[in-house]
Amino acid sequence: MEEIKDNLERELLVMREYFRSGRTKEADWRRAQLKGLQVFLKENEVDIFKALNQDLGKHYVEAFRDEVGLLRKSLNLALSDLKKWMSSKERLLAVVGALAKLPIMAVLSYAEVVPEPLGLVLVISTWNFPLALSLEPMIGAIAAGNAVVLKPSELAPAISSLLVNTLPNYLDNKAIKIIEGGPAIGEKLLQQKWDKIFFTGSGKVGRIIMSAAANHLTPVTLELGGKCPAVLDSLSWSWDKEVELMKVMIKKMYGDNPKELHSVARIINKHHFQRLKNMLTDPMVEKSIIFGGSMDEDSLFIEPTILVDPPLESAIMTEEIFGPLLPIITLDNIEDSIDFINSKSKPLAIYAFTKNEKFRKRMLSETSSGSLVFNDAIIQFAADTLPFGGIGESGVGKYHGKFSFDTFSHYKAVARRSFLTDFWFRFPPWNNQKLELFETAYNYDYIGMLLVILGLKRSRMRFDVN
Amino acid sequence: MEETKQKFDVDSAAILVKDLRRTFNSGKTKSYDWRISQLESISKMIEEKEKDIFKAIKEDLAKPEFEAFAAEISMTKSSCKLALQELKQWMMPKKVETSMATYPSSAEIVSEPLGVVLVISTWNYPFLLSLDPVIGAIAAGNAVVLKPSEIAPATSSLLAKLLGQYADKSALRVVEGAVPETSALLEQKWDKIFFTGGARIGRIVMAAAAKHLTPVTLELGGKCPAVVDPNVDLEVAARRLVAGKWVANNGQACIGVDYVITTKEFAPKLIDALRSVLEEFFGKDPMKSKDRARIINSFHFKRLVNLMDDNKVSDKIVVGGRRDESKLQIAPTILLDVPEDSLIMQEEIFGPLLPIMTVERVEDSFDMINKKPKALAAYLFSDDEQIKKKFVENVSAGGMVINDTILHVTVSTLPFGGVGESGMGSYHGEYSFDCFSHKKSVLYRSFAGESPTREKDRERAQARSGNKGKNTKDDGLTPEQRRERDAKALQEKAAKKAAQAASGGNNAGGGGGKDSKNKK
């Protein structure tokens with residue numbers, strides 16, 4: 001194991017040297033890598049769909065909708081906006097009106113923010129959207145000019161394998177590496193010094209990552225999870241009609257025998273299957289099932305299942321479900337849903353189905369979540385003008401679209417000055433007159449300044465120089 | 001107001017957080033009015049208690065009033081003023097474009113407070129570095145606990161007293177103390193921790209935050225280099241360098257010049273210029289000058305003396321070197337070409353000692369800088385556009401100034417923060433507001449044909465035309481009811497059509513078409 005660690009350290013050192021050479025900062029390098037990703041997705045589409053089907057039983061249309069298609073969209077955006085993202089942004093200095101005016105003493109001639117890459121970054125991905133959640137952060141890291149190490153999830157081995165074996169053929173391997181492995185490799189990676197760590201996964205591991213990052217003062221973005229609630233406003237709908245509608249929809253989408261249909265993704269593995277099964281075996285919980293509930297361990301299949309009012313202390317209501325079980329909690333007043341949601345930790349998203357303006361406003365101002373969507377679910381993931389990230393237990397930081405570029409950049413403030421003479425009162429030896437001049441200057445009181453200089457005015461500020 | 005000082009332990013900290021959380025959950029701190037009232041109060045506090053503030057800073061640091069005014073009081077005042085002016089703007093949701101992918105929809109990014117935040121301050125600009133982040137936290141609508149530095153005790157206790165008087169105690173509290181109190185605070189769950197100080201404690205703060213997944217902003221330090229190109233106006237550059245080192249709290253500033261790099265040829269000229277500027281500013285005997293802050297305490301005094309007396313460097317002193325422990329004062333000291341592995345070149349100096357490193361060409365200095373951890377700021381004095389360009393492109397630091405030092409911190413439109421070892425996150429101006437906010441993505445999805453903002457648009461249009469809309473029928477229905485009625489009518493129409501079509505009426509199409517046009 002020590003040997004592996006030394007090899008890893010050596011590899012990373014070489015990557016750092018390459019980053020220092022400045023190659024990854026160049027626009028044409030970044031474009032070439034992003035184009036490389038595009039070609040990878042195009043040429044290997046069949047293998048990608050096969051791998052996703054193998055790892056998750058995911059149907060290729062779902063795979064396109066949620067993974068390949070979204071990545072293509074993100075790559076198009078990154079390529080078209082790269083120049084804009086990379087450019088320095090001028091900042092206003094002395095401005096009239098509402099914006100702050102600059103004190104006369106700081107007569108700077110120009111101010112701007114210059115984006116620069118952080119350096120060598122680590123992306124740790126997860127299994128449920130194993131391709132998207134590996135490559136989407138990578139797009140941001142590359143667009144921002146960094147060298148990247150990606151560790152895909154070992155729980156999606158076919159995709160992981162594809163990334164390790166095929167992706168390198170499309171990218172600059174001196175700056176981008178893909179390292180396969182499980183927790184042991186993860187641990188080794190965390191012991192190294194990174195300029196940024198981007199992690200998608202659970203809160204438990206998120207804490208471990210952030211603690212490890214603290215040792216090196218490495219900034220992190222953590223995309224975690226939580227229990228994302230959907231609130232159905234009973235003022236606009238009636239909930240049991242809604243449930244009936246859901247049952248109809250499920251039948252429509254999955255037919256009478258969803259197990260046979262290849263549209264339903266599998267449960268990822270036996271461990272998670274067991275976890276979900278356990279949630280349902282609690283007798284009080286079992287009683288609350290009104291639809292579905294059948295499972296098949298051999299094919300890792302669980303039917304879309306709906307429950308009504310399972311006990312609130314049960315696992316299904318205290319832990320993130322991450323499976324095809326949907327508990328419905330009914331309340332007397334829909335407004336109580338706000339308190340209910342706030343009693344739990346802040347989720348990655350809240351979905352509110354309502355036509356009531358007042359209730360909408362309350363949801364907006366009285367709940368907190370990474371995102372809030374009215375009258376739909378999940379779709380915010382596809383909006384690349386909206387930052388995607390959590391708050392509190394659901395995460396730290398955000399990405400998607402330009403936010404991906406930002407999360408892997410340092411915005412360096414640059415101020416310039418000419419060699420015009422300084423105002424003499426900026427320097428010691430100090431005296432009261434200089435203090436008066438400071439005061440008038442900071443109050444933007446230029447007339448006052450003039451009067452002080454001419455000896456015609458005394459400010460109220462006087463001190464005994466003792 | 002004498003009270004027996006109770007020990008502030010983990011339990012006290014837990015109760016404190018609970019109290020503040022209760023206040024925050026009540027929604028009080030979220031309102032624009034509350035935030036404005038607090039900012040106005042703080043503004044008033046600075047005006048009314050200016051003398052007391054000066055006194056405390058002088059007691060802690062022997063900082064000349066003029067430095068205290070410019071660097072601390074004035075910056076805090078203008079930060080408060082800016083927040084008061086801009087808050088409405090900052091609080092407004094930002095609309096963003098939506099695309100085909102989510103059609104039909106509208107979207108915006110809404111700023112909301114994080115909740116209960118902890119601000120840990122430091123000693124070198126004890127007033128500014130305590131209040132500036134607090135101003136940002138309040139502007140963003142949070143409840144705040146401030147822990148000022150115990151190494152500046154007069155300012156710490158003054159802040160506790162004044163904020164107790166001027167601010168809303170149910171939402172803003174000051175906890176005084178040292179390591180035990182800070183540790184007790186760090187064990188709690190905060191919604192954000194803002195820390196200013198050294199990298200060592202920065203790590204401890206982040207590790208504590210990691211347990212609760214608490215986001216952090218760390219404003220740390222580093223060795224801020226100043227590169228001097230021989231082609232500059234030597235007098236002006238020397239003045240600005242001296243200002244950036246010894247007028248900035250006698251070298252005890254996180255963005256003060258730590259060391260200088262220049263060419264071997266130019267170094268002697270530079271040293272001469274610095275020497276004469278030092279005399280101009282501080283007189284022939286700088287140890288007697290009233291215009292220099294003292295070293296903060298005995299610990300740091302000894303630390304700095306050690307750096308100077310180190311074998312590797314003690315013979316490299318070309319200016320200064322005198323020290324007086326009773327006055328905690330060290331003369332402005334310049335050293336030439338100390339070895340890179342000497343202690344003085346390894347750690348942040350934070351005092352009135354200025355090493356000058358020499359290179360063959362100016363560009364060589366960039367490599368020297370890049371070998372070290374990234375600093376909070378980097379400075380270049382040059383008249384050459386190419387060199388300036390190379391400097392900005394190749395040297396990484398929190399912030400940079402070309403042809404001056406420190407002043408970027410006064411530009412409220414520039415983010416102030418570090419990178420790498422010098423920190424993470426930034427603040428100042430609107431960045432302070434953002435630092436303490438959660439930017440929530442909000443997507444409004446509508447039902448087919450209905451625009452989510454149609455209601456607002458309709459209302460706005462009616463307001464514009466003075467409610468004299470052409471077709472306003474006062475049928476007593478809400479817009480939703482009206483829509484339902486229309487939708488129902490359409491459905492019935494369609495059903496009728498279908499029924500007619502099913503019963504074989506060939507004229508159903510034509511008749512139906514005409515009718516439905518009128519319905520619209």
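Residue numbers begin at 1 in each chain, while the letters A, B, ... track the order of the sequences.
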*Asks:* Give the intermediate values and the outcome of side-chain contact (heavy atoms from CB on, under 4.5 Å) for residues A/Leu217 and B/Arg203.
*Replies:* CA-CA 6 Å; A/Leu217 291 170; B/Arg203 285 174 165 81; 3.5 Å; yes
*Asks:* Keeping A/Lys25 on the side-chain end and B/Glu393 on the backbone end, is there a donor-acceptor pair under 3.5 Å?
*Replies:*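 Indeed, once roles are kept as given, a pair shorter than 3.5 Å links the two residues.
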*Asks:* Is a donor from one side chain sitting under 3.5 angstrom from an acceptor on the other, for A/Thr385 and B/Glu97?
*Replies:*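 Per modelled atom types, A/Thr385 and B/Glu97 side chains form no pair under 3.5 Å.
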*Asks:* Determine yes or no for a side-chain-to-main-chain donor-acceptor pair under 3.5 angstrom, with B/Lys440 supplying the side chain and A/Leu364 the backbone.
*Replies:*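 Judged by distance alone, yes, a pair lies under 3.5 Å.
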*Asks:* B/Glu112 versus chain A, heavy atoms under 4.5 Å apart: side chain, backbone, both or neither?
*Replies:*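 Contact with chain A involves the side chain of B/Glu112 alone.
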*Asks:* About how many Å separate CG of A/Asn375 and OG of B/Ser105, when rounded to the nearest 0.5 Å?
*Replies:*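 Answer rounded to 0.5 Å: 11.5 Å.
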*Asks:* Are the side chains of A/Arg207 and B/Leu213 in contact, using a 4.5 Å heavy-atom criterion?
*Replies:*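 In short, these two side chains touch, coming nearer than 4.5 Å.
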*Asks:* Please check this pair: side chain of A/His410 against backbone of B/Ala397, looking for a donor-acceptor N/O pair closer than 3.5 Å.
*Replies:*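 Answer holds: yes.
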*Asks:* Quick one: closest heavy-atom pair of A/Pro429 and B/Glu280, and the distance?
*Replies:*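 The answer is CD-O, 3.3 Å.
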*Asks:* Could you check whether any side-chain heavy atom of B/Asn403 comes within less than 4.5 Å of a side-chain heavy atom of A/Arg416, counting everything from C-beta outward?
*Replies:*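 The answer is no, as the side chains (C-beta and beyond) never meet within the 4.5 Å cut-off.
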*Asks:* Check whether any side-chain heavy atom of B/Glu65 lies under 4.5 Å from a side-chain heavy atom of A/Trp430, and answer yes or no.
*Replies:*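 Of all side-chain heavy-atom pairs linking A/Trp430 with B/Glu65, none is under 4.5 Å.
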*Asks:* Given a strict heavy-atom distance threshold of 4.5 Å, which part of B/Thr214 is in contact with chain A: side chain, backbone, both, or neither?
*Replies:*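 Backbone only.
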*Asks:* In Å, rounded to the nearest 0.5 Å, how long is the span from CG of A/Leu372 to CG of B/Leu443?
*Replies:*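 Between A/Leu372 CG and B/Leu443 CG, I get 9.0 Å after rounding to 0.5 Å.
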*Asks:* Just wondering, do B/Lys30 and A/Ser365 contact through their side chains at under 4.5 Å, heavy atoms?
*Replies:*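 Of all side-chain heavy-atom pairs linking B/Lys30 with A/Ser365, none is under 4.5 Å.
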*Asks:* Grab the two heavy atoms, one from B/Phe281 and one from A/Pro428, that are nearest each other, plus how far apart they are.
*Replies:*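 Reported closest heavy-atom pair: CD1-O, 3.2 Å.
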*Asks:* Under 4.5 Å heavy-atom distance to chain A, tell me which part of B/Ser382 shows up: side chain, backbone, both or neither.
*Replies:*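 When you check distances to chain A, only backbone atoms of B/Ser382 fall under 4.5 Å.
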